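A note on names: the letters A, B, ... follow the listed sequences, proteins ahead of strands, and every chain is numbered from 1. Please read all numbers here as calculations on a predicted model, not as lab measurements.
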2 protein chains.
Amino acid sequence: MGITERKEREKAEMKRLIMDAARKLFIEQGFEKTSIRNIADEIEYSPGTIYLYYKDKSELLFDLHQESFQKLIEQFQRVLNIRDPFERLITMGRYYMQYGFENPELYELMFLMSSPIETVECREEIWEDGHVAFDMLRNIVRECIQAGYFKIDDVEGTSMMIWAAVHGLVTIHLRKRTTMFREGERIPRLEHAYERFVELIKGKI
Amino acid sequence: MGITERKEREKAEMKRLIMDAARKLFIEQGFEKTSIRNIADEIEYSPGTIYLYYKDKSELLFDLHQESFQKLIEQFQRVLNIRDPFERLITMGRYYMQYGFENPELYELMFLMSSPIETVECREEIWEDGHVAFDMLRNIVRECIQAGYFKIDDVEGTSMMIWAAVHGLVTIHLRKRTTMFREGERIPRLEHAYERFVELIKGKI
DNA sequence: CAAATAAAATGAACGGTGTTCAGTAAAGCA
DNA sequence: TGCTTTACTGAACACCGTTCATTTTATTTG
């Protein structure tokens with residue numbers, strides 16, 4: 001009965017075809033501005049066909065959401081070979097910001113979009129990879145505390161605070177709230193602010 | 001010729017009537033979910049009428065945007081009587097977060113929404129009040145440096161970094177990325193993270 | 001192989017959106 | 001009173017996400 005297997009394979013291929021087109025358009029012109037009809041045009045199928053493979057538009061987002069967190073986790077793994085936990089922490093922060101600046105539309109739906117959660121909040125799996133990523137931060141902070149880099153033993157609060165700082169910097173850029181800086185100087189300014197933050201947690205400020 | 005004056009007054013009153021309805025609905029159900037027809041229903045006029053007073057939907061946002069920054073600046077002014085610049089700074093941060101938590105929809109359009117800027121980016125006035133608010137932060141940071149609270153003389157970078165930290169905390173909450181915490185514990189956790197940040201810039205971490 | 005069945009794809013239709021504009025009603029003026 | 005200006009209306013346009021009766025294509029059965 002190789003036929004049902006082929007069917008399944010074809011179904012998966014079709015989903016991937018749709019997903020690839022959707023990702024391309026979402027990244028190009030954003031989620032809101034991408035219509036089901038656009039995606040249908042891109043793959044040269046009718047709009048109705050997409051609904052045979054994805055429940056609705058938010059399920060497309062859900063899948064891309066998962067994929068994007070996997071990609072961030074991959075970035076974080078590049079850091080694991082760094083011995084010194086503090087060095088590892090600040091490099092992780094740099095990679096986080098880099099990810100946000102280089103993949104604005106993915107960052108958007110991971111951390112900035114309100115719709116995906118509200119529409120598919122019943123699906124708890126949506127945050128599984130998010131928790132994996134945050135756990136990586138927590139573990140490094142814990143190591144930093146154990147190694148004596150932070151005097152206060154508060155993994156949770158410190159992790160949160162560090163995340164908020166880099167997330168804030170990325171968000172300010174992605175939402176274009178940097179009108180006080182000249183164009184082209186904006187990302188450097190934010191990276192400079194991150195350096196200030198690093199100095200801060202080094203205790204040098 | 002009191003008649004033209006009355007006309008102008010009536011025009012202003014009508015704009016306020018529309019704005020009041022729009023603000024109410026935006027706060028209640030968000031900008032995206034509020035339609036021009038909703039606003040028209042609320043004030044018992046036809047949809048077309050609204051376009052006689054506001055160019056388009058984004059201009060409604062523009063006006064509310066201005067109003068919201070005024071409100072934030074008012075909050076910041078409550079802080080000016082605090083003598084110690086460092087105490088003033090951390091209280092300002094607390095007021096900022098409080099504003100975000102208490103006025104999620106206003107914060108949304110001030111700092112999180114991408115549409116208002118893209119649609120009316122030609123209007124430079126849109127950030128005037130934003131710059132006033134940021135200048136207030138800059139000035140306090142400058143005072144903190146002068147008073148010896150910060151060793152590094154970098155008003156711009158330090159201000160940016162501090163804004164990013166509190167903005168990050170507010171944004172994490174508003175976009176509901178706090179699934180790692182139990183409901184009802186979320187804001188306290190973020191406030192706790194802010195306290196960690198305060199300890200940090202006090203040099204105690 | 002042909003007919004019957006099952007699966008896949010279609011595209012018109014529904015109710016929604018922001019926005020425009022010809023037409024109507026009211027107000028101001030001579 | 002008649003004329004002009006202003007205010008307002010609501011139908012119409014082009015889009016949106018989504019559904020579903022219908023048609024096309026593929027597979028199974030006789």
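For residues 184-195 of chain B, the salt bridge (charged side-chain N to carboxylate O under 4.0 Å, His left out) pairs, not counting sequence neighbours, are B/Arg94-B/Glu195, B/Arg182-B/Glu185, B/Glu185-B/Arg189. Residue pairs satisfying the salt bridge (charged side-chain N to carboxylate O under 4.0 Å, His left out) criterion with at least one member in residues 67-86 of chain A, sequence neighbours excluded, are listed as follows: A/Arg23-A/Glu67.
With sequence neighbours excluded, the residues that form a ring-ring contact (aromatic ring centres under 6.0 Å, His included) with A/Phe101 are A/His173. A/Asp154 meets the salt bridge (Lys or Arg N to Asp or Glu O under 4.0 Å) test with B/Arg196; sequence neighbours excluded.
A heavy-atom distance below 4.0 Å to DNA chain D is reached by these residues of residues 34-48 of chain B, ordered by number: B/Arg37, B/Tyr45, B/Ser46, B/Gly48.
Atom-to-atom, CG of A/Leu17 to P of C/dA8 comes out at 15 Å; the value is rounded to the nearest Å. The CD atom of A/Glu32 sits 15 Å away from the C1' atom of C/dG16 (whole-angstrom rounding). Atom NZ of A/Lys15 is separated from atom P of C/dA8 by 14 Å (rounded to the nearest Å). In this entry the distance linking OH of A/Tyr54 with C1' of D/dG17 reads 17 Å, nearest Å. Summarising the geometry, the separation between NZ on A/Lys55 and P on D/dG17 is reported as 15 Å, rounded to the nearest angstrom. Rounded to whole angstrom, the span from the CD1 atom of B/Ile50 across to the P atom of D/dC8 amounts to 11 Å. If you measure from atom CG of A/Asp56 to atom P of D/dC16, you get 17 Å, rounded to the nearest angstrom. Between the P atom of C/dA7 and the CG atom of A/Leu52 lies a distance of 13 Å, rounded to the nearest Å.
Interatomic distance, CG of A/Leu61 versus CZ of A/Phe31, reported as 4.5 Å (0.5 Å rounding). Rounding to the nearest 0.5 angstrom, the gap separating the CG atom in B/Asp135 from the CZ atom in B/Phe76 is 11.5 Å. Taken from NE2 in B/His131 to OG1 in A/Thr179, the straight-line distance is 3.0 Å, to the nearest 0.5 Å.
Looking at which nucleotide of DNA chain C each of A/Met14 and B/Lys57 is closest to, the 5′-most match is held by A/Met14.
Around atom CD of A/Glu44, no more than 12 heavy atoms belonging to other residues, nucleotides or ligands sit under 6.0 Å away.
Contact annotation: B/Tyr51 side-chain N/O to C/dC21 OP1/OP2 distance is not under 4.0 Å.
Summarising the geometry of A/Gly100 relative to A/Val170, their closest heavy-atom pair is CA-CG1, 3.9 Å, with the distance given to 0.1 Å.
Heavy atoms of B/Tyr53 sit under 4.0 angstrom from primed sugar atoms or phosphate atoms, though from no base atom.
The C1' atoms of five pairs define one axis at each end of the helix from C/dC1-D/dG30 to C/dC29-D/dG2, and these two axes lie 30° apart (to 10°).
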